[in-house]
Amino acid sequence: MGIRARRTPLRTVLARPAPEAARGLLGCLVTAGDVTVRLTEVEAYGGVGADPASHAHRGRTPRNGIMFGPPGYAYVYFVFGMHWCLNVVVEPAGQAAAVLVRAGEVVDGLDTARLRRGAAVPTRDLARGPARLTTALGIDKSADGTSLVDGSGPLTLAPPTAPVDAIASGPRVGVVGGADTPWRFWLAGDPTVSAYRPHVARRPR
DNA sequence: AGTAGGATAATCT
DNA sequence: GATTATCCTACTG
């Protein structure tokens, strides 16, 4: 037997339609400094006018501009006044699509990840959630717009080191529009996949 | 175990 | 001024 390497180059996978690119990202490794995370949960987001849940749905803005460029770049945004989320830009340049990285397993740099997340945090929870993952990796605004595939930025994306088994899918977390689109993908049975929480509308105060 | 509410600020209308 | 691709704490059972 032996490990079968991915036959398709990563860049080719990322250029595919968002849901396919999302599947291809599962099992991939993201490295920042001495911390490496194996991706176990992602969500696909489509382009202008195609996906009401996407930041690009209403067109280009200063924030989402990177989504309109070539695949393999990081789209990092700040949400809820305190959290950073990491996306990988996918589909060819001109098509504004991205894949939100929602969770992963810390496979290297456990000590650093625990320092950032807190000593009391269980190992499986270190990167179990979009903002938890960016915290574990030390990702913030400085990673926005950098390449994950050419070695020029703080982040590095690498293909899976082992075959990826069963992939499950379902509705995305925390979105209002497009709530019925099953564009959330995760490794079936993996303990580091985040708990699904349906969106709850909050009333004005 | 499950859920409700608050924190907190960039972004866009 | 409203909204938000979340997380943590506190509370109920």
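To find a chain, count down the sequence lines: A is the first, B the second, and so on, and within it residues start at 1. FYI, side chains are in, hydrogens and waters are out, and symmetry mates aren't considered; it's all heavy atoms of this structure.
A:V30 and A:I167 end up in the same hydrophobic cluster when Ile, Leu, Val, Met, Phe, Trp and Tyr side chains are linked at under 4.5 Å.
A:S147 and A:S152 are not linked by any side-chain donor-acceptor pair at a separation below 3.5 angstrom, with hydrogens and angles left out of the test.
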Passes ring-ring contact (aromatic ring centres under 6.0 Å, His included), A:Y77 versus A:H55? Steps please. CA-CA 10 Å; A:Y77 69 90; A:H55 284 180; 4.6 Å; yes
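A donor-acceptor contact shorter than 3.5 Å is absent between the side chain of A:D34 and the backbone of A:D108. Side-chain N or O atoms of A:R117 include one that pairs as donor or acceptor with a backbone N or O of A:L126 at under 3.5 Å. For A:T135 (side chain) and A:A131 (main-chain N/O), a donor-acceptor pair under 3.5 Å exists by modelled atom type. Within the 3.5 Å criterion, the main-chain N or O of A:V173 finds a donor-acceptor partner in the side chain of A:E43.
A cation-pi arrangement, defined by a distance under 6.0 Å to the six-membered ring centre and an angle within 45 degrees of its axis, is absent between A:R63 and A:Y75.
Regarding A:F80, its CZ atom lies at a distance of 12 Å from the P atom of C:dT3, rounded to whole Å. With rounding to whole Å, A:H83 atom NE2 is found 11 Å from C:dT4 atom C1'. In this structure, the CE atom of A:M82 is 12 Å from the C1' atom of B:dA10, given to the nearest Å.
Contacts of residues 99-112 of chain A with DNA chain C (heavy atom under 4.0 Å): A:L100, A:R102. Interface residues of residues 113-145 of chain A facing DNA chain C, ordered by number: A:R117, A:G129, A:P130, A:A131, A:R132; criterion, heavy-atom separation under 4.0 Å. Within residues 39-74 of chain A, the residues that place at least one heavy atom under 4.0 Å from DNA chain C are, in residue-number order, A:Y45, A:A53, A:H55.
For the pair A:R184/A:V193, a side-chain contact is recorded, criterion being any heavy-atom separation below 4.5 Å from C-beta on. You'll find the side chain of A:I66 reaches within 4.5 Å of the side chain of A:D144, heavy atoms only.
Nearest heavy-atom pair, A:A143 versus A:L155, reported as atom, atom and distance to 0.1 Å: CB-CD1, 4.0 Å.
Under the salt bridge (charged side-chain N to carboxylate O under 4.0 Å, His left out) criterion, A:R114 pairs with A:D111, not counting sequence neighbours.
For DNA chain C, runs of at least 3 consecutive pairs of the Watson-Crick or G-U wobble type, with both hydrogen-bonding distances under 3.5 angstrom, map to B:1-7 with C:6-12, B:9-12 with C:1-4.
Residue pairs that meet the side-chain hydrogen bond (donor to acceptor under 3.5 Å, both in side chains) test with at least one member in residues 83-94 of chain A, sequence neighbours left out, do not exist here.
Scanning atom types as modelled, no donor and acceptor separated by under 3.5 angstrom connect the side chain of A:Y77 and the base of B:dA10.
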